[in-house]
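In what follows, a single structure is set out as structure tokens and then discussed.
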Number of protein chains: 2
Amino acid sequence: MSEQPIDRFVDTWGRMGPLWGVSASVARVHGLLMASERPNCLDEIGQRLSMSKGNVSMSLKELRGWGVIRQVPQRGDRREFYTCEPDVWKMLFSIMRERKKREFDSVMTGVREAVVEAEKSPEGVALERMKQLERMLGTFDLLADKLLAGESQARTLISFLTGSGKEGK
Amino acid sequence: MSEQPIDRFVDTWGRMGPLWGVSASVARVHGLLMASERPNCLDEIGQRLSMSKGNVSMSLKELRGWGVIRQVPQRGDRREFYTCEPDVWKMLFSIMRERKKREFDSVMTGVREAVVEAEKSPEGVALERMKQLERMLGTFDLLADKLLAGESQARTLISFLTGSGKEGK
DNA sequence: CACGATGTTCATAATATTCTGAACAAAGAG
DNA sequence: CTCTTTGTTCAGAATATTATGAACATCGTG
């Protein structure tokens, strides 16, 4: 059987899904598209991963929302074919941008509001620590916006950081 | 009612839980300990958050495992009291270290193995992309180990990054 | 030792999430 | 216009996760 390596990769990637904030199915579809040389259509994906058409359709929709896959029109074929974004770094940054927007930003707002409340009636509240936390989240926000703005700068920075460490050894 | 600000904070923090990779309950307990000036015991926590004793006990256990709370013996009281780690940065780094260990490392291994497999029978496999991915994960691993080794260095780096950006404006 | 207070564990109840499959839409071919 | 192929949606089934509460352990005290 020739599909063993792809299956293995799909499984691994699927397990990572929840870490990225998507279901295992979504991650598996993504994994298949990453590991496949050629674009796949909905039915192929469903067959390969033993998933219902509906689930595949929803998964593809979500992946489109994350901006990590592309539709590739196939001449003379009415079906939609999909490939993943070929640059893995671009992909990673799409995911991180999206996660930050969906999960981090609202929490930062919430903490900010909680601090405002706490300043009005601070009995028993560890106000200092909450402010510290607010400041930390703010710093993170700034840093994230800077790093996620364009992945090329971040890549340079990362290379620098990991590279300079090696030299110092 | 004086507990409104704390409740608000607890709710916000609870919503963040799944992002950190813990349940909302665990995050709520952590949130309460963060927001409370004084150490709390198991019963207080359960009462305040309307959680069963069992759930509080499990949540505290998990938080101990993450290294983000401390037991504070209270003289002349047999109950255990808990506070959170007072330094929010230290806390953040504990969480990130733990998440990396639990969720990232195994995936990197998996991808590595999948690449080895794929090299043996590469029909239809996007080998180049998978190797690219492997390399990226490796870079991340290196970077993470460097940044997470000690939080003071990372804090300096972060201050530098966010600070220098402001100057450039 | 017996008792009350504190804390833990775990079976299973409650809840939330995910997946399926059938109904439906759209669109090209005949 | 009708049939077939492709894709989408969503109610409800299947599954996974989380919380409860009762049983059990531990320990200090009288």
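Chain letters run A, B, ... following the sequence lines, proteins first and then strands; every chain starts at 1.
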Quiz item: Reading nucleotides 9-28 of chain C 5' to 3', which nucleotides get B (base under 4.0 Å from a protein heavy atom), which S (sugar-phosphate only), which -?
Solution: BB-------SSBB------S
Nucleotide [N], atom [atom2] - distance to [atom1] of [X] in whole Å:
| X | N | atom1 | atom2 | result |
| --- | --- | --- | --- | --- |
| B/Glu80 | D/dC27 | CD | C1' | 12 Å |
| B/Leu42 | D/dT20 | CG | C1' | 14 Å |
| B/Asp77 | C/dT6 | CG | P | 7 Å |
| A/Glu44 | D/dG7 | CD | P | 10 Å |
| B/Arg28 | D/dT20 | CZ | P | 10 Å |
| A/Asn40 | D/dT6 | CG | P | 15 Å |
| B/Gln71 | C/dT6 | CD | C1' | 13 Å |
| B/Glu62 | C/dT8 | CD | C1' | 15 Å |

Checking [X] now: which residues fulfil salt bridge (charged side-chain N to carboxylate O under 4.0 Å, His left out) with it, not counting sequence neighbours?
| X | result |
| --- | --- |
| A/Arg38 | none |
| A/Arg102 | A/Glu98 |
| B/Arg99 | B/Glu103 |

Exercise. Applying side-chain contact (heavy atoms from CB on, under 4.5 Å), name anything that partners B/Glu117, two or more places apart in sequence or on another chain.
Key: A/Pro5, A/Arg8, B/Lys120
Self-check item: Nucleotide pairing, DNA chain D (Watson-Crick or G-U, distances under 3.5 Å), in dot-bracket with [ ] and |
Solution: ||||||||||||||||||||||||||||||
Quiz item: When the ring planes of B/Trp89 and B/Phe93 are compared, do they come out parallel, tilted or perpendicular, using 30° and 60° as the limits?
Solution: tilted
Practice problem: Determine whether A/Val72 and A/Met91 fall in the same hydrophobic cluster, where Ile, Leu, Val, Met, Phe, Trp and Tyr are linked whenever their side-chain heavy atoms lie under 4.5 Å apart. | Solution: no
Quiz item: Does some side-chain heavy atom of B/Cys41 sit less than 4.5 Å from a side-chain heavy atom of B/Phe81?
Solution: yes
Quiz item: Does a salt bridge link A/Asp43 with A/Arg79, judged by any charged N lying under 4.0 Å from a carboxylate O?
Solution: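 Looking at A/Asp43 and A/Arg79, the cut-off is not met.
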Exercise. Working to the nearest 0.5 Å, report the span between CG of A/Leu92 and CD of A/Glu85.
Key: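 The CD atom of A/Glu85 is 11.5 Å from CG of A/Leu92, to the nearest 0.5 Å.
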Practice problem: Would you tell me if any nitrogen or oxygen in the side chain of A/Arg64 comes within less than 4.0 Å of OP1 or OP2 on D/dT8? | Solution: yes
